[in-house]
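What you are looking at is a predicted structure, and each value in this text was computed from that prediction instead of being measured. Because only heavy atoms are used, hydrogens play no part in the values below, and waters and symmetry mates are left out as well, while side chains stay in. First the proteins, then the strands, lettered A, B, ... as listed; each starts at 1.
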Protein chains: 2
Amino acid sequence: MDEAVSATAGARVPRTERGRRTLRLILDAAAAEFGERGFHEAGISRITQRAGVALGTFYTYFDSKEAVFTALVRDMSMQVRDHVAPRLSGTADAIAAEGAGLEAFIGFARAHKEIYRIIDEAEFVDQASFRTHYQSTVDRIVTRLRRGAARGEVREDIGEVHGWAIVGMNVFLGLRYGVWNEDGAPEEIAGTVNAMLRDGLKP
Amino acid sequence: MDEAVSATAGARVPRTERGRRTLRLILDAAAAEFGERGFHEAGISRITQRAGVALGTFYTYFDSKEAVFTALVRDMSMQVRDHVAPRLSGTADAIAAEGAGLEAFIGFARAHKEIYRIIDEAEFVDQASFRTHYQSTVDRIVTRLRRGAARGEVREDIGEVHGWAIVGMNVFLGLRYGVWNEDGAPEEIAGTVNAMLRDGLKP
DNA sequence: CTGAAACCTGAACCGGGATTCAACTTCGGT
DNA sequence: ACCGAAGTTGAATCCCGGTTCAGGTTTCAG
């Protein structure tokens, strides 16, 4: 975890170098704690222990347990985007790009199994963050596909529904083949989905 | 809510008529409470108030808060299946059947918005129930598609990956177009997905 | 009718953990 | 050097809700 501290809106901004260091410690500890135990089982005191700071220090930087969580959702959201984005360019066409996106996402999920315990648990802890994350993900997908349509690579009638369908696929495949069990190579899974996305399921 | 009480394994089985009535009251109250507030915000005392019984009565039927929740997940899971299954037959082919399944699911989600606060929150409260539900859903989809493949209606290489992809699509579309916002007719959404499933996204 | 099992009641218990705060230490600019 | 701001500390406070239980009521088989 080496997110830019600037990314963590909602946190009180440290004025000194020491403060920045401490905030980073707390943030990383929180990601680990929430990732392992989920929001409700996680404890502020456990977070501060992990971080190696006193309990009260936490409240120098965050107003509440919910506040760190929100900051983390935002951060993870950006991490996913930044990890997937570069893998999209250099693909043959818009459909191949979505396949590459899925492959990158599964890889990310394997390396950051805490992602579901943070972003997805937000559905039940901090709906606003959850919706924002997925809506913007959908927006990016739809934009990419429409550009592909303009280039004649995909059908013309791309809409939000396609975006939500693809996000849903990716999320569940990431959970099943990234977090729960690492059977199957990401490339193969992405390949299967790619074929389905390109030609459909008909024989 | 009028689930068969027999469906609720995990609950202590009532011996008298009065007992069966009370258990049903608690179960329905719990579904409403969990549906509105989510697992952690829900309260046993609030459930018993809704049900119109004393606090202690709850523990005549369930060992813990988790226990009712598990019973409810199982019950909702069966309700979804029973609502979707009949809509699958009478469709033109295996691909059309999946479209019909999605349409039925969105309808169910609109009528039972508590579904995500129960089945999906189980990912963070009772993983075993969550996995069982989705694995069996995937199994059903894969079985259907393979039968379709045998009839020459879909491609031969159907595997688990296709099943998880379809479930993921359905879950996210149900959340977006069933629970969050009812814009768009289920038939249209299902139609869009159907076209995608049949022919893919290529022009 | 009757007595034992089944059921119901709700006040009291209890543990856990989020949040506060007043005293103390370190930092950084002058 | 010095001082105000920034940061740190952890014991104490506070609240909340899940669970227990001893005593009462209802049911129903015989």
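Every residue meeting the side chain to side chain contact (heavy atoms under 4.5 Å, CB included) condition with B:L55, not counting sequence neighbours, appears here in chain and number order: B:I44, B:S45, B:T48. Here A:E17 pairs with A:R20, A:R21 under the side chain to side chain contact (heavy atoms under 4.5 Å, CB included) rule; sequence neighbours left out. For A:R146, the side chain to side chain contact (heavy atoms under 4.5 Å, CB included) partners at least two apart in sequence or on another chain are A:V142, A:I158. For A:R176, the salt bridge (charged side-chain N to carboxylate O under 4.0 Å, His left out) test picks out A:D183, with sequence neighbours left out. Listed by chain and number, the residues in a salt bridge (charged side-chain N to carboxylate O under 4.0 Å, His left out) with B:E182 are B:K113 (sequence neighbours excluded). Take B:T16 and apply the side chain to side chain contact (heavy atoms under 4.5 Å, CB included) test, not counting sequence neighbours, and it matches B:R18.
Going from atom NZ of A:K65 over to atom C1' of C:dT19 covers 12 Å, rounded to whole Å. Note: CZ (A:R12) to P (D:dA5) measures 17 Å, nearest angstrom. The CG-P distance, from B:L25 to C:dC7, rounds to 14 Å in whole Å. Between the C1' atom of C:dC27 and the CZ atom of A:R21 lies a distance of 11 Å, rounded to the nearest Å. Atom CD of A:E33 and atom C1' of C:dA18 are 14 Å apart (whole Å). Following rounding to the nearest Å, A:Y59 (OH) and C:dA22 (P) show an atom-to-atom distance of 17 Å.
If you check residues 37-50 of chain B against DNA chain D, the residues with a heavy atom closer than 4.0 Å are B:A42, B:G43, B:I44, listed by number.
Sequence neighbours left out, not one pair with a member in residues 118-129 of chain A passes salt bridge (Lys or Arg N to Asp or Glu O under 4.0 Å). Listed by first and then second residue, the ring pair (Phe, Tyr, Trp, His ring centres under 6.0 Å) pairs involving residues 67-90 of chain B are B:F34-B:F69, B:F39-B:F69, B:H83-B:F108 (not counting sequence neighbours). Among pairs with a residue in residues 94-111 of chain B, those fulfilling side-chain hydrogen bond (donor to acceptor under 3.5 Å, both in side chains) read B:E98-B:R144, at least two apart in sequence or across chains.
Look at B:R12 and B:D63 and you find a salt bridge, because one of the NZ, NE, NH1 or NH2 atoms lies within 4.0 Å of a carboxylate O, short of that distance.
Using a 30° and 60° split on the angle between ring planes, A:H40 and B:H40 fall in the parallel class, below 30°.
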Short N/O separations, protein against nucleotides 6-13 of chain D, under 3.5 angstrom:
from: D:dA6; atom 1: OP1; to: A:R15; atom 2: NH1; distance (Å): 3.4
from: D:dG7; atom 1: OP1; to: A:R15; atom 2: N; distance (Å): 2.7
from: D:dG7; atom 1: OP1; to: A:T16; atom 2: N; distance (Å): 3.3
from: D:dT8; atom 1: OP1; to: A:T22; atom 2: OG1; distance (Å): 2.4
from: D:dT8; atom 1: OP2; to: A:Y61; atom 2: OH; distance (Å): 2.9
from: D:dT9; atom 1: OP2; to: A:A54; atom 2: N; distance (Å): 2.7
from: D:dT9; atom 1: OP2; to: A:T57; atom 2: OG1; distance (Å): 3.2
from: D:dG10; atom 1: N7; to: A:G56; atom 2: N; distance (Å): 3.0

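Over its full length, the helix from C:dC1-D:dG30 to C:dT30-D:dA1 turns its helical axis through 20°, comparing axes from the five pairs at each end and rounding to 10°.
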